Amino acid sequence: MKIATWNVNSIRVRLDRALAFLKRHEPDVVCLQEIKVVDEGFPEEAFREAGYQSTIFGQKTYNGVAILTRNPVQSVQRGIPGFEDPQSRVLAVTVDGVRVVNVYVPNGSQVGSEKFDYKLRWLEQLTQWIDEDGLLETPFLICGDFNIAPDDRDVYAPDEWRGRVLFHPDEHAALAKLQGLGLVDAFRLHQEEGDHYTWWDFRGGMFWKNKGLRIDHFLINEPLIPRCKSAEIDTWERKGKQPSDHAPVLITLEGGDSA
DNA sequence: ATGGTAGAAACTCTA
């Protein structure tokens with residue numbers, strides 16, 4: 001079973017690339033963030049022709065998440081239960097025996113801003129839900145754009161970034177609390193070196209200088225750890241014509257009851 | 001401290 005996460009930064013602009021991505025990797029599940037469109041505008045038909053069904057939680061102009069799957073999904077959840085949030089940032093499904101939570105964590109804008117407070121509150125609500133919902137009893141993963149670089153290896157210039165949004169102690173504490181529920185960073189199971197990034201600012205040709213941050217993640221629970229055979233960042237998707245500012249991340253899970 | 005780019009939408013906001 002192959003699962004991908006990708007902040008596409010508008011699914012309408014990225015449709016051709018997304019279809020080519022499906023052909024190239026043949027993933028079973030793809031979690032998309034920042035689709036930037038309402039449900040009705042999502043290119044469901046094009047994905048159906050490619051062999052995928054779409055589960056969508058859209059929003060006009062900003063945010064929006066969706067999950068593409070080869071197989072049918074169960075127990076669809078939109079948003080964090082009990083948390084009033086006008087922004088579409090969370091979509092969970094159960095597919096092939098795995099509970100998959102797709103998140104687009106708030107960016108936070110500037111440390112100390114209202115948006116930064118919202119980011120921290122939002123992460124707290126997310127953690128509380130995962131903790132209380134008994135979701136961790138069975139194979140479980142949460143993936144997406146976390147807008148947090150976990151440690152120094154994940155930032156091209158850690159001393160320059162330390163204390164700024166995406167690399168702030170309060171964000172690290174919030175992420176640690178979530179991981180404290182028993183989740184591990186799947187990428188780090190397979191790669192301990194730094195210099196592997198998933199996002200590069202469009203401005204200043206940061207990709208070509210490899211000045212990026214690793215802010216897109218897969219967090220997996222105990223039952224999935226022995227099944228996780230690989231984790232990779234597809235930097236190819238950051239190259240060429242009209243790339244997103246994020247590269248996709250993919251993991252493979254062996255075994256389980258995937259059809 | 002500022003501006004650089006991209007996307008959606010509508011001459012600005014978000015990232």
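Letters A, B, ... mirror the listed sequences (proteins, then strands); counts begin at 1. Here the structure is a predicted model, which means the values were calculated and not measured.
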Exercise for the section: Report which part of the nucleic acid F207(A) touches: base, sugar-phosphate, or nothing (heavy-atom distance under 4.0 Å, all strands). Expected result: nothing
Problem - Position toward the 5' end of DNA chain B (nearest nucleotide), P243(A) or K115(A) - result: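 First, find each residue's nearest nucleotide; the 5'-ward one identifies P243(A).
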Handout entry: Toward the 5' end of DNA chain B, by each residue's nearest nucleotide, Q242(A) or E34(A)
Key = Q242(A)
Between [N] ([atom2]) and [X] ([atom1]): distance, integer Å:
X: D216(A); N: dA15(B); atom1: CG; atom2: P; result: 15 Å
X: K60(A); N: dA8(B); atom1: NZ; atom2: P; result: 13 Å
X: K211(A); N: dG4(B); atom1: NZ; atom2: C1'; result: 13 Å
X: N107(A); N: dC13(B); atom1: CG; atom2: C1'; result: 13 Å
X: Y118(A); N: dT14(B); atom1: OH; atom2: C1'; result: 13 Å
X: K209(A); N: dG4(B); atom1: NZ; atom2: C1'; result: 9 Å
X: K36(A); N: dA15(B); atom1: NZ; atom2: C1'; result: 7 Å
X: R164(A); N: dA1(B); atom1: CZ; atom2: P; result: 12 Å

Problem - L136(A) CG to L141(A) CG distance, which is reported to the nearest 0.5 Å - result: 11.0 Å
Practice task
For dG7(B), take OP1 and OP2 only and decide whether either is under 4.0 Å from a side-chain N or O of R14(A).
Solution key: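 Yes.
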Exercise for the section: Measure the shortest side-chain to side-chain distance between E193(A) and R153(A) over non-hydrogen atoms and say whether it is less than 4.5 angstrom. Expected result: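 The answer is no; the side chains never approach within 4.5 Å.
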Looking only at atom [atom1], what distance separates [N] and [M], rounded to whole Å?
N: dT2(B); M: dC11(B); atom1: C1'; answer: 22 Å
N: dT5(B); M: dA9(B); atom1: P; answer: 22 Å
N: dA1(B); M: dA15(B); atom1: P; answer: 22 Å

Looking at the side chain of [X], which of [options] is the nearest nucleotide?
X: R12(A); options: dC13(B), dA8(B), dA15(B); result: dA8(B)
X: S10(A); options: dG7(B), dA9(B), dA15(B); result: dG7(B)
X: F202(A); options: dA9(B), dG7(B), dA6(B); result: dA6(B)
X: R89(A); options: dA9(B), dG7(B), dA15(B); result: dA15(B)

Handout entry: Heavy-atom pair with the smallest gap, counting every atom of F47(A) and L22(A)
Key = CD2-CD1, 3.7 Å
Handout entry: Result of checking H172(A), H246(A), H217(A) against F146(A) for ring-ring contact (aromatic ring centres under 6.0 Å, His included)
Key = H217(A)
Practice task
In plain terms, say whether D234(A) and R24(A) are close enough for a salt bridge, that is, a side-chain N and a carboxylate O under 4.0 Å apart.
Solution key: yes
